[in-house]
Amino acid sequence: MTISINVTVTTGGRGTSTIMSEMENTEQVVEGIHLPPHPFRVPWQKHITDIRSMTVREDDVFLVAYPKAGTHWLWEVLYMLLAGKAEYEPRAKEHLMMEFTTLDKMDAEPSPRVFNTHLPFSMLPVKQMEEKRVKVVHMYRNPKDTVVSAWFHYKQLPPRQGVPLYSELTLSQFVQHSVRNTFTYGTWTDHLRQVQTFTREHPDMPVFSLSFEENKRNPVDCVRRLAWYLEVDVTDKLCQDIAHACSFHNMQTVGDKKTLPRDTAITLDAKMYRKGEVGDWKNHLTVADSELIDLAVAQGLQQCHMLNIQYTP
């Protein structure tokens, strides 16, 4: 299903066509999805083939999420639950991010492995995941806070170092680009549609969906529900300890101390924690920006079962 929204992205300075052309030259299109520069400078199609052929274990956990949905927080919670203690994993999640690691490193990782990815299900080892009945957790966030968070994230990346040149766009221009199918990892609605298609076509492998907003409202309950899904025994105190350890303030402090992969060809030193609030989009988006996102969501999810999208606390 292709959604077409007519928008014109206008920029000052070097102009739209130049910037967009440079963006496209830094990315690769694989199976219709625009992907960022590969961290190891290898063809994305080869990397996707490796991922699809990886050996899946029965105790693997796959965390799938659109960028800026709260993946760092949820990855840490999952690791703590499986470890049975509220202690931080010293490595950043990028070590187990399927786009930022190699098949050899994934194979060498001891069980239980908690993989995380922004890739669509079609690029994952779905057949093995279904056969092994692994746990799959999906994290999502309202599209308005998502796009604002993404824009601030891209603004801090080093210019012209192999990353898309989104940093040269104003927020309104970035919003206009985000609803186009040339956006990195696809649009927000593309992501939601493919998740719902996967759950419909694989009823024997239930996906646990959790929203960023739910976690902000009741983090202890979210930890408890995740424990139930993972089938791990927890006490109320452990759930409270994990929720506290993974609060935004604590994660923001700990995030700067985690070790990042250093063998990649792109910069991974961007700050991942900015505000972590629900409804911050109201401080940044114009009425036109907000209405454009509303239109994209209405058109993009018109044939899908709607998740509970919350725009305010």
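Remember, predicted model here, so these are calculated numbers, not experimental data. Numbers here are sequence positions counted from 1.
Here Glu76 contributes atom CD and Ile242 contributes atom CD1; the two are 10.0 Å apart, rounded to the nearest 0.5 Å. Atom CG in Leu285 sits 10.0 Å away from atom CH2 in Trp151 (nearest 0.5 Å). Rounding to the nearest 0.5 angstrom, the gap separating the NE2 atom in His153 from the NZ atom in Lys68 is 5.0 Å. To the nearest 0.5 Å, the span separating NE2 on His47 from CH2 on Trp44 amounts to 5.0 Å. Atom NZ of Lys127 is separated from atom NE2 of His202 by 11.0 Å, given to the nearest 0.5 angstrom.
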*Asp241 and Lys85: salt bridge (charged side-chain N to carboxylate O under 4.0 Å, His left out), yes or no, with the steps?*
CA-CA 8 Å; Asp241 289 346; Lys85 51 189 176 182; over 6 Å; no
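Under the 6.0 Å cut-off for aromatic ring centres, Phe174 and Phe152 do not qualify, their centroids lying 6.0 Å or more apart.
Nearest approach of Arg57 to Pro110, heavy atoms of both residues: NH1-C, 3.7 Å. Contact between Val175 and Asp289 at its shortest, heavy atoms only, is CG1-O, 4.0 Å. Taking each heavy atom of Ser111 and Asp59 in turn, the nearest pair found is CB-OD2, 3.1 Å.
Residues Arg224 and Asp236 are paired through a salt bridge, judged by an N-O separation under 4.0 Å between the basic side chain and the carboxylate. In this structure, Arg52 pairs ionically with Glu31, as a charged nitrogen and a carboxylate oxygen lie closer than 4.0 Å.
Applying the side-chain hydrogen bond (donor to acceptor under 3.5 Å, both in side chains) criterion to Glu99, with sequence neighbours excluded, gives Thr117, Tyr185. For Lys155, there are no salt bridge (Lys or Arg N to Asp or Glu O under 4.0 Å) partners at least two apart in sequence or on another chain.
Within the structure, salt bridge (charged side-chain N to carboxylate O under 4.0 Å, His left out) pairs that include any residue of residues 107-125 comprise Asp60-Arg113, Arg91-Glu109 (at least two apart or interchain).
At least one side-chain heavy atom of Met97 sits less than 4.5 Å from a side-chain heavy atom of Asn116.
The cluster map of Ile, Leu, Val, Met, Phe, Trp and Tyr, joined by side-chain heavy atoms under 4.5 Å apart, puts Trp75 and Val207 in the same cluster.
With Tyr229 as the aromatic partner, Lys135 meets the cation-pi criteria of under 6.0 angstrom to the ring centre and within 45 degrees of the ring axis.
Ring planes of Tyr66 and His191: tilted class, angle from 30 to 60°.
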